[in-house]
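Here's the structure we're looking at; comments come further down.
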Amino acid sequence: MGRAFVRLHIKPDAISYTGLALLTGVVVWFVSHPHRAFLFILLYVVFDGIDGAYARYLNRPTQAGAFTDVVVDQLGMIVIMLGFIHYDMVDGQIGAYYIVVYVVMIAFSVIQNAQGIPMQYIFRSKYIVYGMYMVWAFTGLNLAPFLIPIFCAVMTFSAVQSFLRLKRGFNWKYDLPKIMEQERTIRREGGKPPEFWRPLNFFIPASVVAVLLFLGAYTQIVAMVEFPDVKPKWEKSSDLYFLKENENPWAVAGYKDGWLVSAFDRELSFATIYHVRGPMQRLRLEGSFRIPFAMHRQHGAATLGDMLYITDRLSRSVFEIDVAHSLERKIAAINRSFDATLDAPVACEFVELNGTRRMLISEYMHLYKTIVVDYEKAFAKGDASDAVVAWYRNAGFSRGLATDGKRLFEINGSLGDDLIYVIDPERALGGKYIRAGIDEKIAAPRWRTRDIAIRGDVIAMVDGRSDVIWATSLEKALER
């Protein structure tokens, strides 16, 4: 093969760039034809191996060629991870952190090698990432949400090790001889060299981090580790048998004598609203309609009369949908919408405050806010910038809102049991702080259940992993 490349006047760099060009196929067919996209990943890996072998065959390995190889070698991982982020196969912040820490780790290792500084083991997870994509392409099983955070932790440790080795190496190679000469000069002149307490290198920044976390994220930290007051017996409804293979339920709302369940299609990135009725153990499908716009899987739902309100994290908007008309047409009849003016709105609900009905919208992370909106004014203007009449700081990982007419129920993600906070809205809004209004903390049925709705005496939540509705009564949920 090497002779053929020579006859064709092909340089090793041309092979590297061709392999890079093959990643276009990965971008084009990432979700539409994943088998085809994975073939291009394999071809990219093959070309990535050929360029170095060809350079050695020519006996012309160069520093410029090695630099090209290092850069091209990492771009495949970046393309795959950007695909995971774009198609919502992994949390965007975690995916972005993975890319950053991976590139930093590789950059540190390159500098160590160039400086002749001994290197530690480098955890190169890119081939595992390719394997994760292969598993998803052929089985539909997405391992990224579970493995990528682990890789981030391991690579962070590796990057810190590299930083410390580089710092120590630079110190021994460049700084220490100068410092020793400087100290000898000071002593010859009868002086005393300055002394430094090394533990302060860690103690001072650690103290700053601790203080800032306490001041700025106390609520979020406590919410992730606190325990529930009540652990009610949640009952699993009959399976949502009507969901398609790629659909998972992500939102639920009470509707007349039944429920509306929003299911997100992972492949098409669209949601379908299903109307179900009957006892929780024998739910039956009454009809459905499709939402005619792409939305983030993390969205919330609430109803008011014949209208359904969907809070979409992707577009940052709240949509008003005529349910009866939509069920008749099989596609959502959207009456109006407004920009929630939040970075990540994920849930909404209606409450009576001082005799006036308002809409509450909660945000996931970012500003840590649950806002009260004059929704008619927001719909009329098209955004909620001048329609926010009150707010409180929530626990940061809000995933659902519901009300029984008096109290507000807001679910928050946690490291242990996800908690449903039972809140007096007047106290929370008066203190601009969720903890000012918490009456009880209820354990959710499972870790990472989503959205919450109340109809009559029944509290319902959806579970995107097992395609069921969890339910319990208000009486059981609130009894200690």
Side-chain angles (χ1 to χ4, degrees), residues 85-86 88 91-93 96 216-217 219-220 223 250-251 253 262 264 269 271 291-304 307-321 332 334-354 356-403 408-413 421 423 425-426 428-434 436-437 450-452:
I85 295 171
H86 180 72
D88 204 26
D91 182 84
Q93 292 174 321
T219 302
Q220 290 70 46
W250 284 94
S262 176
F264 183 82
S269 297
I291 301 297
F293 51 83
M295 64 162 50
H296 196 281
R297 65 180 180 179
Q298 292 188 22
H299 58 276
T303 54
L304 184 63
M307 299 298 164
L308 169 67
Y309 297 84
I310 291 182
T311 310
D312 177 25
R313 178 176 175 175
L314 184 65
S315 64
R316 307 193 320 165
S317 298
V318 177
F319 298 90
E320 181 186 76
I321 298 171
I334 300 176
N335 290 338
R336 49 188 181 167
S337 66
F338 67 83
D339 186 339
T341 65
L342 296 172
D343 290 320
V346 292
C348 61
E349 185 53 275
F350 292 91
V351 295
E352 293 282 340
L353 295 172
N354 300 321
T356 304
R357 182 180 290 118
R358 302 294 191 189
M359 177 184 285
L360 266 71
I361 306 172
S362 66
E363 182 184 48
Y364 184 85
M365 295 186 71
H366 298 283
L367 299 176
Y368 309 122
K369 278 188 175 182
T370 296
I371 61 175
V372 180
V373 177
D374 180 341
Y375 61 96
E376 290 294 348
K377 183 177 180 180
F379 277 127
K381 186 177 179 181
D383 69 73
S385 57
D386 295 328
V388 177
V389 296
W391 61 272
Y392 66 80
R393 184 172 182 175
N394 63 36
F397 305 98
S398 178
R399 292 206 307 275
L401 286 171
T403 182
L408 186 65
F409 294 71
E410 181 164 353
I411 182 171
N412 191 77
Y421 293 111
I423 305 164
E426 303 252 353
L429 293 167
K432 295 187 182 298
Y433 189 38
I434 189 172
R450 275 202 48 81
D451 209 14
I452 183 171

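Keep in mind that this is a model prediction, so the values were computed, not measured.
- Within the 3.5 Å criterion, the main-chain N or O of Ala217 finds no donor-acceptor partner in the side chain of Thr219.
- In this structure, CZ on Arg313 lies 4.5 Å from CD on Gln298, to the nearest 0.5 angstrom.
- Counting only N and O atoms by type, the side chains of Ser398 and Ser362 include a donor and acceptor under 3.5 Å apart.
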Begin with the C-alpha distance, continue with both residues' side-chain angles, and end with the deciding distance and a verdict on side-chain contact (heavy atoms from CB on, under 4.5 Å) for Trp391 and Val372. CA-CA 6 Å; Trp391 61 272; Val372 180; over 6 Å; no
Test Asn354 against Glu426 for side-chain contact (heavy atoms from CB on, under 4.5 Å), laying out the working first. CA-CA 9 Å; Asn354 300 321; Glu426 303 252 353; 3.9 Å; yes
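- The shortest side-chain heavy-atom distance between Tyr309 and Cys348 falls under the 4.5 Å cut-off.
- Side-chain atoms of Ile321 and Asn335, non-hydrogen and from C-beta on, never get closer than 4.5 Å to each other.
- Heavy atoms only, all atoms of each residue included: Tyr392 and Ala428 are closest at CB-O, 3.4 Å.
- Glu363 contributes a side-chain N or O that, together with a main-chain N or O of Asp343, makes up a donor-acceptor pair within less than 3.5 Å.
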Going through the checks in order, is the side-chain contact (heavy atoms from CB on, under 4.5 Å) test met by Leu401 and Leu408? CA-CA 7 Å; Leu401 286 171; Leu408 186 65; 4.3 Å; yes
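- Minimum interatomic distance between Pro345 and Ile361 (heavy atoms only, all atoms of both residues): CB-CG2, 3.8 Å.
- Annotation: cation-pi pair Arg336/Phe379 present, NZ/CZ under 6.0 Å from the ring centroid and within 45° of its normal.
- Among all heavy-atom pairs drawn from Ala395 and Gln220, the shortest one is O-CG, 3.4 Å.
- Nearest heavy atom pair, residue Tyr375 against residue Leu304, reads OH-CD2, 3.7 Å.
- Here the side chain of Arg316 pairs no donor or acceptor atom with the backbone of Ala340 at under 3.5 angstrom.
- Counting only heavy atoms from C-beta outward, the side chains of Ile434 and Tyr368 never approach each other to under 4.5 Å.
- Between Phe319 and Phe338, every side-chain heavy-atom pair lies at or beyond the 4.5 Å cut-off.
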Which is it for Arg357 and Glu376 under the side-chain contact (heavy atoms from CB on, under 4.5 Å) test, yes or no, and what are the steps along the way? CA-CA 10 Å; Arg357 182 180 290 118; Glu376 290 294 348; over 6 Å; no
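- For the atom pair OH (Tyr364) and CZ (Phe397), the distance works out to 5.5 Å, reported to the nearest 0.5 Å.
- Rounded to the nearest 0.5 Å, atoms CG (Leu367) and CZ (Arg393) are 10.0 Å apart.
- Asp312 places none of its side-chain heavy atoms less than 4.5 Å from the side chain of Ile291.
- Between Glu410 and Thr370 the shortest side-chain heavy-atom distance falls below 4.5 Å.
- For the residue pair Ser385/Asp383, the side-chain donor-acceptor check at 3.5 Å is satisfied.
- Here the straight-line distance linking atom CD of Glu349 with atom CD1 of Ile452 works out to 9.5 Å at 0.5 Å rounding.
- Under the 3.5 Å distance criterion, the side-chain polar atoms of Arg450 are matched with a main-chain donor or acceptor of His299.
- No side-chain heavy atom of Asn394 sits under 4.5 Å from any side-chain heavy atom of Asn412.
- Considering all non-hydrogen atoms of both residues, Ala332 and Pro292 come closest at CB-CD, 3.5 Å.
- The nearest pair of heavy atoms linking Leu308 to Ala301 is CD1-CB, 4.0 Å.
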If you apply the rule salt bridge (charged side-chain N to carboxylate O under 4.0 Å, His left out), what do you find for Arg358 with Asp374, and how did you get there? CA-CA 6 Å; Arg358 302 294 191 189; Asp374 180 341; 3.4 Å; yes
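- Side-chain atoms of Leu353 and Leu429, non-hydrogen and from C-beta on, do get closer than 4.5 Å to each other.
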